[in-house]
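Every number for a ligand or one of its atoms is a count from 1 in the order of the listing.
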Amino acid sequence: MLTLTLLGLSIGLVANAFPTQNSGNGKNWVVIVAGSKGWHNYRHQADACHAYQIVHKNGIPDEQIVVMMYDDLATNEQNLTPGVVINRPNGTNVYKGVPKDYTRNAVTPDNFLAVLKGDSASTKQGSGKVLKSGPNDHVFVYISARGAPGLLAFPNDELYADDLLDVIIYMHKNKTYKKMVFYIDACDSGSMMTKLPDDINVYATTATNSYACYYDEKRKTYLGDWYSVNWMENSDVEDLSKETLMRQFKVVQSQTRHVMQFGNKTLANMKVKAFQGNANARPAPPMTLQPVLEPGLIPSPDVPMAILNRTYSSAVALYLNKLRSHLKGIEQLKQKMQKVVQCVTGDNRENPKILSVKMDRLQQQCYKDAVSHYKKHCFSWFFPEHEYYLRDLYTLFNLCGSGYRTDWYCIHLIPPSFYTSPQRFRSIQFLFRKFHIFRIEDNWK
Ligand SMILES: *[C@@H]1O[C@H](CO)[C@@H](O)[C@H](O)[C@H]1NC(C)=O
Ligand SMILES: *[C@@H]1O[C@H](CO)[C@@H](O)[C@H](O)[C@H]1NC(C)=O
Ligand SMILES: *[C@@H]1O[C@H](CO)[C@@H](O)[C@H](O)[C@H]1NC(C)=O
Ligand SMILES: *[C@@H]1O[C@H](CO)[C@@H](O)[C@H](O)[C@H]1NC(C)=O
C-alpha cells in the first residue's frame with residue numbers, strides 16, 4: 001500500500017517535471033535571424049539557412065517560419081558556386097528554398113521585435129510576415145550574430161537586451177505562445193537573457209563565447225559557428241521525436257563548454273520536435289554526417305584577422321610551390337646544358353671554362369644554327385622557366401667559338417616519347433646524317 005502510494009507520487013512528480021510534448025492543437029512557429037552581412041561573416045547566414053532546412057524538413061510550413069537574413073551570399077562575387085551556401089565542409093546547399101521575408105536593410109531589430117509581437121503593420125521593407133501565434137502555440141527563435149554585453153549586432157544596428165525582454169513579456173501577457181525557446185549564438189549572448197524570468201514558459205540557451213568553425217580554403221571564409229553547428233548537426237542526426245532540448249543542450253555543452261541556460265529549465269525535458277518540428281508530422285529521418293576531424297575553432301572577433309592570415313598563408317604556400325618548381329626547372333636546364341657540353345666536347349678539360357666564361361670568338365653561322373636548333377627541339381624560352389636559359393646561351397656561343405658543332409646534341413635529352421612518332425624519328429635520322437654523328441649509342445640513352 002505504502003509502496004503504491006509512493007509509486008503514484010513519483011509518477012505524479014515525473015509527469016509534472018516532463019511537460020506535454022506537443023502543443024495540443026497548437027502550431028509551431030519559428031523565427032530565424034542572421035545578424036550580419038558580408039562574405040567574412042558568411043557563417044551567420046549559413047547557420048540561419050541550415051536552421052531553416054531543419055524546421056522545414058521536420059514539417060513546419062513556410063507560413064509559420066520567418067527568416068531574416070541579409071541575403072548577400074548566394075550572389076556574392078566571392079561565391080565560386082553562385083546560388084549555393086553550405087554550413088559544413090562538403091555540405092549540402094542550405095540556401096535552397098529559404099524564404100526571403102526580411103533581407104538587406106530590412107534585417108533590423110525593429111522588424112525583428114515587430115515579428116515577435118505579431119505586429120505586421122510596424123514592419124518595414126520586408127514581406128510583412130510576422131508571428132500569428134496563439135495561446136496553444138510553440139515559438140522557436142534562433143539567432144546567429146555577433147554580440148557584446150547586453151546587445152546583439154544586426155547588419156546596421158543593435159538589438160538591446162532590455163528591448164528584447166520587454167517584447168518577450170509583452171508576448172507572454174498577450175498569450176501569443178504556450179512555450180517559447182530561444183537559441184542565441186553570439187559573443188556574450190548570455191547577457192541577452194540574464195533577466196529572463198523563469199515563470200513565463202520561456203527557455204533559452206546561449207553561447208557565452210562564440211567560435212567560428214569550418215574554414216573553407218576555397219571560399220576563404222568560415223562556414224559555421226560552433227554552438228550553432230553543434231545543435232543543428234545534433235538535430236540532423238537525431239530523431240527529434242526522441243531527442244530532448246536538454247540532451248541537445250548537453251551535446252552543445254560538451255563540444256563548446258561555454259553555453260548557458262536561462263528561464264524555465266524544466267522545459268528542457270521537452271522533445272526537440274515540439275519546437276523544431278510539426279506536432280502532426282513525422283520528424284525527418286536522421287541523417288548520417290561525416291565527422292569533421294578538425295573544426296578549426298577561432299573566437300568570433302578574430303575572424304577577419306584569421307581570414308587575412310589564412311589567405312596570406314595560402315598565398316605564401318602557393319608562391320613557395322611555384323618558386324620551387326621554377327628553381328627545379330632552372331636546375332634541370334643547367335644540368336642539361338652541362339650534359340650537352342660534356343657530350344659535345346667529350347669530357348674536355350675546357351668544360352668549366354665553356355660553362356662559365358663568356359669567350360669572344362664568334363662563329364656566327366654555327367651559333368645561329370645552334371640557337372635555332374635548340375630553340376626548336378630542346379627548350380623554348382617562351383616558357384617562364386626556360387626564360388632563364390637565354391642566359392646560358394653563351395655556352396653555345398662558347399662551344400661554337402671553340403670549334404665544336406653543337407646543333408644535334410640535344411637529341412639525347414629528348415624524352416623517349418619523342419621517338420614514338422615516325423616523323424620525328426626521320427628528322428633525327430636526318431640530323432644524324434647531316435652532322436656525321438659518331439656517338440649515336442651514347443646519345444641515344
Ligand atoms: C494582443 O495583440 C493583439 C493584436 O496585436 C491586440 O489586439 C491585443 O490588444 C493584445 N492583447 C494584449 C493583452 O496585449
Ligand atoms: C516551468 O515549466 C513547467 C512545465 O511547463 C511548469 O510545470 C512549471 O510550473 C514552470 N515553472 C515556473 C516557475 O513557472
Ligand atoms: C571533402 O571532399 C574532399 C574531396 O572529395 C575530400 O578530400 C575531403 O576530405 C572532404 N572533407 C570532409 C571534411 O569531408
Ligand atoms: C594573424 O597573424 C598575426 C601575425 O603573424 C598574428 O599576430 C595574429 O595573432 C594572427 N591572428 C590570427 C587570428 O590568426
| Side chains of Q248 and Q276: is there a donor and an acceptor less than 3.5 Å apart? | yes
| said: Angle between ring planes, Y183 versus W231, binned at 30° and 60°: parallel, tilted or perpendicular? | reply: perpendicular
| said: Do N87 and D47 pair up side chain to side chain, a donor and an acceptor below 3.5 Å, judged on atom types alone? | reply: yes
| message | Please verify the inter-ring angle class for H56 with Y52; under 30° counts as parallel, over 60° as perpendicular, anything in between as tilted. | response | parallel
| field | Polar atom proximity, N309 to ligand 4 (N or O, under 3.5 Å) | value | yes
| field | Test item, K265 contacting ligand 2 (heavy atom, 4.0 angstrom) | value | no
| Per-atom contacts, ligand 2 versus K179 - under 4.0 Å to a heavy atom | 5 (O)
| message | Under a 3.5 Å cutoff, is there a donor and acceptor pairing between the side chains of N156 and N105? | response | yes
| task | Check whether any N or O atom of T266, backbone or side chain, sits under 3.5 Å from an N or O atom of ligand 2, and answer yes or no. | result | no
| query | Can a protein heavy atom be found under 4.0 Å away from atom 5 (O) of ligand 4? | reply | no
| request: Answer with side chain, backbone, both or neither: which part of I200 has a heavy atom less than 4.0 angstrom from an atom of ligand 2? | output: neither
| said: Yes or no, since that's all I need: does a protein heavy atom fall within a distance strictly under 4.0 Å of atom 2 (O) of ligand 4? | reply: yes
| task | Counting heavy atoms only, name the option from L267, N269, N264 that's nearest to atom 11 (N) of ligand 2. | result | N264
| query | Taking the six-membered ring of Y214 as reference, does the NZ or CZ atom of R43 fall below 6.0 Å from its centre and within a 45° cone about the axis? | reply | no
| remark: Residue, atom and distance of the protein heavy atom nearest atom 9 (O) of ligand 4 read M305 SD, 4.5 Å
| For K271 and E243, what are the C-alpha separation, side-chain angles and deciding distance, and is it a salt bridge (Lys or Arg N to Asp or Glu O under 4.0 Å)? | CA-CA 6 Å; K271 304 291 194 252; E243 187 73 346; over 6 Å; no
